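Step one of this worksheet: look at the structure below.
Values below: all heavy atoms of this structure, side chains included; hydrogens, waters and symmetry mates excluded. Keep in mind that what you see is a predicted model, and the values were worked out from it rather than measured. A note on names: the letters A, B, ... follow the listed sequences, proteins ahead of strands, and every chain is numbered from 1.
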Amino acid sequence: MSMEENKQYFSTQLLRWYRKERRDLPWRRSRNPYHIWVSEIMLQQTRVDTVIPYFNRFMDRFPTPQHLAEAPEEDVLKHWEGLGYYSRARNLQAAVREVVEQYGGVVPSNKKAVSSLKGVGPYTAGAILSIAYNQSEPAVDGNVMRVLSRYFCLEEDIAKPATRIGIESIAQELIPDGEAADFNQALMELGAMVCTPKSPSCLECPVTQLCLGRLEGRERELPVKTKAKKPKPVFRFAALIEGSGQHAGKVLVRQRPDTGLLARMWELPHIEVLDAAAWDMLALGKQEIEAALSEDGVKVKATEHVVGDAQHIFTHLIWNIRVLAAVALDEEYVTDRTSYKWVGAEEFESFVWPNVFRKLLTEYFIQSRN
DNA sequence: AAATCGGGGCA
DNA sequence: TGCCCAGATTT
């Protein structure tokens with residue numbers, strides 16, 4: 001069998017399988033380019049099951065590019081809360097505003113224009129052009145690299161950017177004429193449902209007969225991928241600052257900077273200490289957090305009472321947070337600081353929180369109610 | 001090329 | 001625990 005016949009077999013069988021087995025997903029109910037676009041941004045590094053409820057809420061609130069363009073950023077972030085990688089939400093809104101202004105609200109269908117939109121890289125551009133506009137462009141994500149690495153027994157390291165380029169040209173050649181939309185989705189659907197990372201279900205695979213990786217008994221060792229670095233643990237003290245007087249029942253929180261990790265989200269004030277040993281020295285934590293807040297003009301009396309510990313795991317970082325009880329000494333001055341605010345159980349939901357602080361504060365407000 | 005950027009699901 | 005997920009952007 002020639003390589004040409006091999007490729008044709010793959011595409012034909014895969015398409016047939018997909019048309020029978022495709023999942024009914026919210027963004028598959030139309031070819032509305034805006035729907036496809038939003039779904040693809042949400043799906044970056046995020047599982048389908050996680051995205052579904054977010055997608056539905058998002059489309060309910062921002063049904064068209066115009067609605068999204070006109071919304072306050074805080075509203076958009078609120079609908080992204082808990083989904084992670086928040087720059088996706090900000091980039092999406094910036095890009096939608098450009099689409100409304102430059103293209104009258106119509107998602108562009110040419111490669112150059114789509115690719116230049118904020119947050120739209122090689123994969124997402126290919127996904128929009130192929131799924132929404134049925135153009136013969138590859139859309140190579142982790143699924144596609146895994147499936148094709150196995151089927152063609154490719155041994156290049158898929159962690160390297162150069163490998164994706166090569167696989168894109170292979171994926172391009174595999175697209176049957178006029179079938180880009182279904183074929184690209186079929187490739188990803190196979191990776192998600194059958195050709196899974198750990199133990200692929202080769203018995204249920206529509207192309208198992210000619211899968212080179214399988215024929216060589218190497219499906220479990222492919223694709224080759226260099227290991228990621230372990231996240232670095234860091235240690236922090238946070239302050240749970242309870243208000244009194246007119247701020248009774250409230251907690252002092254602050255907004256993170258405009259850029260970087262968890263940009264513009266709200267948090268308990270906290271500081272980093274050197275290492276795990278310092279994390280055990282409560283007197284040190286009390287002193288350092290008082291000093292740091294004082295720098296911000298916030299006068300606080302901390303204690304050595306540990307309200308609780310929390311851990312937050314990022315891709316490259318592990319926050320270990322020890323929460324100390326504290327009280328504000330000058331409550332009126334505090335409210336003048338724009339990045340600091342008193343928040344009570346009522347206002348809590350109108351702020352956007354990283355999960356770790358959402359959990360801590362939810363727990364606090366439940367406890368203090370009793 | 002390497003680092004940054006969330007959060008969760010699963011063996 | 002480790003690995004991965006419909007990746008993009010910055011350094």
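- Remark: Glu295(A) CD is loosely packed, at most 12 non-hydrogen atoms of other residues, nucleotides or ligands lying under 6.0 Å away.
- Residue contacts shown for Trp27(A) include a base, since a base heavy atom lies under 4.0 Å away.
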Please tabulate the protein-to-nucleotide N/O contacts below 3.5 Å involving nucleotides 9-11 of chain C, giving atom names and distances.
unit_1: dT9(C); atom_1: OP1; unit_2: Gly119(A); atom_2: N; d: 2.5

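- Against DNA chain B, the stretch residues 41-49 of chain A makes heavy-atom approaches under 4.0 Å through Gln45(A), Thr46(A), Arg47(A).
- The neighbour count for Arg16(A) CZ, taken as heavy atoms of other residues, nucleotides or ligands under 6.0 Å away, does not exceed 12.
- Reading DNA chain B from its 5' end, the first and the last nucleotide to sit under 4.0 Å from a heavy atom of chain A are dA3(B) to dG9(B).
- Taking atom P on both dG8(B) and dA8(C), the two are 22 Å apart, rounded to the nearest angstrom.
- The stretch residues 165-183 of chain A participates, sequence neighbours left out, in these side chain to side chain donor-acceptor pair (under 3.5 Å) pairs: Lys7(A)-Glu173(A), Arg19(A)-Glu179(A), Arg19(A)-Asp182(A), Arg164(A)-Glu168(A).
- The side chain of Arg28(A) lies closest to dA6(C), out of dA8(C), dC5(C), dA6(C).
- Qualifying salt bridge (Lys or Arg N to Asp or Glu O under 4.0 Å) partners for Arg236(A), counting only residues two or more places apart in sequence or in other chains: Glu272(A).
- Distance, Leu190(A) CG to dA6(C) C1': 14 Å, rounded to whole Å.
- Under the 30°/60° scheme for interplanar angles, the aromatic rings of Phe10(A) and Tyr151(A) are found to be tilted.
- Contacts of Ile131(A) with the nucleic acid, taken as non-hydrogen atoms under 4.0 Å apart, are absent.
- As judged by a 4.0 angstrom heavy-atom cut-off over every strand, Leu262(A) is placed among residues touching the sugar-phosphate backbone only.
- Here Ser39(A) lies out of heavy-atom contact (under 4.0 Å) with every strand.
- One interatomic measurement links the two molecules: CG of Leu83(A) to P of dG7(C), which rounds to 13 Å at whole-angstrom precision.
- Counted within 6.0 Å of CD on Glu74(A), heavy atoms from surrounding residues, nucleotides or ligands total 12 or fewer; the atom is thus considered open.
- When heavy atoms are screened at a 4.0 angstrom cut-off, Tyr85(A) is found touching base atoms of the nucleic acid.
- Atom CZ of Arg90(A) and atom P of dA8(C) are 18 Å apart (whole Å).
- Nucleotides dA6(C) and dA11(B) place their P atoms 15 Å apart, quoted to the nearest Å.
- Where Met265(A) and Ser199(A) each meet DNA chain B at their nearest nucleotide, the meeting point lying more 5' is that of Met265(A).
- A heavy atom closer than 4.0 Å to some atom of DNA chain C occurs in Asp141(A), Gly142(A), Asn143(A), Arg146(A), these being the qualifying members of residues 140-167 of chain A.
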